[in-house]
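Report on the following structure.
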Amino acid sequence: MSEIVIGEDGLARPPWAATDPLLRDYYDTEWGMPVRDERGVFERLSLEAFQSGLSWSTILRKRPAFRSAFADFDPDSVAAYGESDVERLMGDAGIVRNRRKVEATITNARATVTLRAEGGLAELVWAHRPASTPAPRTLAELPTTTPESLALSKALKRKGFTFVGPTTMHALMEAIGIVDTHLVDSHRRGSSGVWG
């Protein structure tokens with residue numbers, strides 16, 4: 001039996017995207033669509049790290065403030081942040097004020113800049129696309145990690161990235177279209193163009 005919810009608009013969505021207008025819009029227009037540019041992947045990687053232990057709706061509501069605080073996630077700008085920037089960010093109520101996550105974002109920006117010499121962040125992340133994607137009918141059938149997300153986590157850690165555990169990397173892979181974990185009966189299933 002599917003766990004899909006039919007909205008007032010007649011479209012089928014998973015329960016997490018069925019009620020909150022912000023989550024519904026994110027699900028309908030962005031989640032699972034391919035992101036292949038450096039800044040876009042860096043932003044999603046950063047937001048997934050900040051989300052760890054929190055709800056995704058919290059991160060989405062704070063996304064404009066995150067973009068302002070982190071120079072629209074321009075890796076070169078964030079890589080230049082120093083201790084005074086960390087203190088400024090720790091005083092910014094618009095974002096999640098977690099020192100380890102703030103420092104990880106700066107560390108990851110520096111690693112992103114360095115990685116350009118080897119093809120770049122987007123190329124490394126997309127190189128971990130699996131041979132097939134899940135076809136879940138229920139939320140219980142959704143994996144939280146995969147061999148590919150574990151491999152991506154290890155590859156990024158070797159390149160100096162932090163807060164990139166296998167669960168967080170699986171969420172990133174879902175968010176940017178590397179895997180299609182839309183429930184089979186969802187109106188978005190197959191919409192990324194990455195999977196048939």
Q. Taking only residues two or more places apart in sequence, or in another chain, which ones meet Glu123 in a side chain to side chain donor-acceptor pair (under 3.5 Å)?
A. none
(Q) Please find the pair of heavy atoms, one from Ala69 and one from Asp92, that lie closest to each other, and give the distance. (A) CB-OD2, 3.7 Å
Q. Any side-chain heavy atom of Leu45 within less than 4.5 Å of one from Phe163?
A. no
**Q.** Residue pair Ala65 / Gly94: nearest heavy atoms and the distance that separates them
**A.** CB-O, 3.3 Å
Q) Are Arg110 and Glu103 within salt-bridge range, i.e. N to O under 4.0 Å? A) no
(Q) Parallel, tilted or perpendicular, judged at 30° and 60°: which one describes the rings of Tyr26 and Trp16? (A) tilted
Q. Side chains of Val194 and Arg129: does their closest heavy-atom pair fall under 4.5 Å?
A. yes
Q: Give the cluster check for Leu172 versus Met33: same hydrophobic cluster or not, with ILVMFWY residues linked at side-chain heavy-atom distances below 4.5 Å.
A: no
**Q.** Separation between CG of Leu121 and OG1 of Thr112, rounded to the nearest 0.5 Å
**A.** 4.5 Å
Q | Spatial distance of atom CZ (Arg44) from atom CD (Glu174) [nearest 0.5 Å] | A | 14.5 Å
Q | Cluster link Val5 to Leu22, ILVMFWY, side chain under 4.5 Å | A | no
(Q) Minimum heavy-atom separation for Leu124 and Leu152, please, with both atom names. (A) O-CD1, 4.2 Å
Q | Interatomic spacing from OG in Ser84 to CG in Leu89 - rounded to 0.5 Å | A | 9.5 Å
Q: Could you tell me whether the side chain of Leu142 reaches within less than 4.5 Å of the side chain of Pro134, counting heavy atoms only?
A: no
Q. Looking at CD of Glu48 and CD1 of Ile59, how far apart are the two atoms once the value is rounded to the nearest 0.5 Å?
A. 9.0 Å
**Q.** Note: Arg63-Glu30 ion pair, threshold 4.0 Å (strictly below)
**A.** yes
Q. Do Glu43 and Phe70 come close enough that some side-chain heavy atom pair is under 4.5 Å?
A. no
Q. Can you tell me how far OG1 of Thr133 sits from CH2 of Trp195, rounded to the nearest 0.5 angstrom?
A. 5.5 Å
Q.
With heavy-atom distances below 4.5 Å as the criterion, would you say the side chains of Ser46 and Phe66 are in contact?
A. no
Q | Reported CG-to-NZ distance for the pair Asn108 and Lys101, which is rounded to 0.5 angstrom | A | 13.0 Å
(Q) Measuring only between side-chain heavy atoms, which start at C-beta, is Thr181 closer than 4.5 Å to Trp31? (A) yes
**Q.** Heavy-atom check, side chain of Ile178 versus side chain of His128, under 4.5 Å
**A.** no
Q) Distance-only, no hydrogens or angles: does the Asp28 side chain make a donor-acceptor pair with backbone N or O of Asp25 under 3.5 Å? A) no
(Q) Within the 3.5 Å criterion, strictly below it, is a donor on Ser191 or Arg188 matched to an acceptor on the partner's side chain? (A) yes
(Q) Looking at Asp20 and Arg61, is any side-chain nitrogen of the basic one under 4.0 Å from a carboxylate oxygen of the acidic one? (A) yes
Q: Take Arg116 and Asp76 through the test salt bridge (Lys or Arg N to Asp or Glu O under 4.0 Å) and record every step on the way to the result.
A: CA-CA 11 Å; Arg116 289 174 185 159; Asp76 292 296; 3.0 Å; yes
Q) Can you find a pair of side-chain heavy atoms, one from Leu139 and one from Leu183, that are under 4.5 Å apart? A) yes
Q.
Looking at every heavy atom in both Thr105 and Val78, which two are closest together, and how far apart are they?
A. O-CG1, 3.9 Å
Q: Determine the minimum heavy-atom distance between Thr162 and Ala104, stating which atoms define it.
A: OG1-CB, 3.2 Å
Q. Between Val179 and His170, what is the shortest heavy-atom contact and its length?
A. CG2-CE1, 4.3 Å
